[in-house]
Amino acid sequence: MAIQFDQERAHGIEGFLIDGQITSDGSLALIETNAQEIDYFERPVSKRDWKIRVLQADQDVLCVELKSLPLIPSHVDLFSDGTILIVQGRCVKDGAYIEKNARHYSIDGTLLNQFTLGDGIAKVQIDESDTI
């Protein structure tokens with residue numbers, strides 16, 4: 001699927017696009033923020049606001065605002081029920097502490113679960129059976 005942003009469409013993007021990917025249903029999921037600079041190695045991670053925008057056929061299907069998120073999402077995908085997985089590609093381990101770098105959100109932005117996927121994640125994808 002190709003999405004072309006014309007001048008009117010580009011104004012719907014309010015911040016900076018960090019990443020995006022095509023989901024298993026063919027949607028385009030985008031990660032947006034207003035932060036002009038991102039340091040993926042920053043610890044502790046500054047809490048920032050993020051938007052997850054899901055597009056189909058050049059139309060917004062969903063826009064979820066995530067407020068004061070204590071991680072830097074570098075990957076996004078959707079589960080079959082439309083809920084959102086965001087993942088921070090880097091994960092710090094310090095002694096017994098292991099950073100939780102994955103979060104599962106409802107479409108209204110409610111945190112459903114958080115967990116650790118590990119460090120050095122280059123790609124994330126959820127398959128048709130909702131396996132990450």
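Across all non-hydrogen atoms, the minimal contact from Lys123 to His75 is N-CE1, 4.0 Å. Considering every non-hydrogen atom in both Asp49 and Ser68, the closest pair reads OD1-N, 2.8 Å. For the residue pair Cys91 and Asp119, the shortest heavy atom distance occurs at N-OD1, 2.9 Å. Between Leu85 and Ala102, the shortest heavy-atom distance links the atoms CD1-CB, 4.3 Å. The nearest pair of heavy atoms linking Ile98 to Lys93 is CG1-CG, 3.8 Å. Smallest separation of non-hydrogen atoms from Ser24 and Glu128: CB-OE2, 4.5 Å.
The hydrophobic clustering, which links ILVMFWY residues whose side-chain heavy atoms are closer than 4.5 Å, places Leu111 and Leu78 together. Hydrophobic clustering (ILVMFWY, side-chain heavy atoms < 4.5 Å, transitive): Leu66 and Val45 are in one cluster. By the rule that hydrophobic residues join a cluster once side-chain heavy atoms approach within less than 4.5 Å of another member, Ile84 and Ile18 end up as members of one cluster.
Using a 4.5 Å heavy-atom threshold, the side chains of Asp19 and Val76 count as separate. Ile52 has its side chain within reach of Ile31: a pair of non-hydrogen atoms, C-beta onward, lies under 4.5 Å apart. No side-chain heavy atom of Asp108 sits under 4.5 Å from any side-chain heavy atom of Val64. Inter-residue side-chain proximity for Val61 and Ser27 is flagged as unmet; no heavy-atom pair is nearer than 4.5 Å. For the pair Asn34/Arg48, no side-chain contact is recorded, criterion being any heavy-atom separation below 4.5 Å from C-beta on. Counting heavy atoms from C-beta outward, Arg43 and Asp94 have side chains that stay 4.5 Å or more apart.
The ring pair (Phe, Tyr, Trp, His ring centres under 6.0 Å) analysis of residues 104-129, with sequence neighbours excluded, yields the pairs Phe79-His104.
Counting only distance, with no hydrogens or angles, the side chain of Asp25 and the backbone of Ser80 share no donor-acceptor pair below 3.5 Å. Formation of a donor-acceptor pair under 3.5 Å by the Asn101 side chain with backbone atoms of Gly89 is not found in this model. Thr131 contributes no side-chain N or O that, together with a main-chain N or O of Ile126, makes up a donor-acceptor pair within less than 3.5 Å.
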**Prompt:** Could you walk me through whether Leu28 and Val54 pass the side chain to side chain contact (heavy atoms under 4.5 Å, CB included) check?
**Reply:** CA-CA 6 Å; Leu28 175 62; Val54 179; over 6 Å; no
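With rounding to the nearest 0.5 Å, the separation of CG in Leu17 from NZ in Lys51 is 11.5 Å. From Thr83, atom OG1 reaches atom CG of Leu112 across 6.5 Å, with rounding to the nearest 0.5 Å.
By the neighbour-count criterion of 12 heavy atoms within 6.0 Å, atom CD1 of Ile107 is sparsely surrounded, having that number or fewer from other residues, nucleotides or ligands.
Leu71 meets the side chain to side chain contact (heavy atoms under 4.5 Å, CB included) test with Leu69, Pro73, Ile86, Gln88, Arg103; sequence neighbours excluded.
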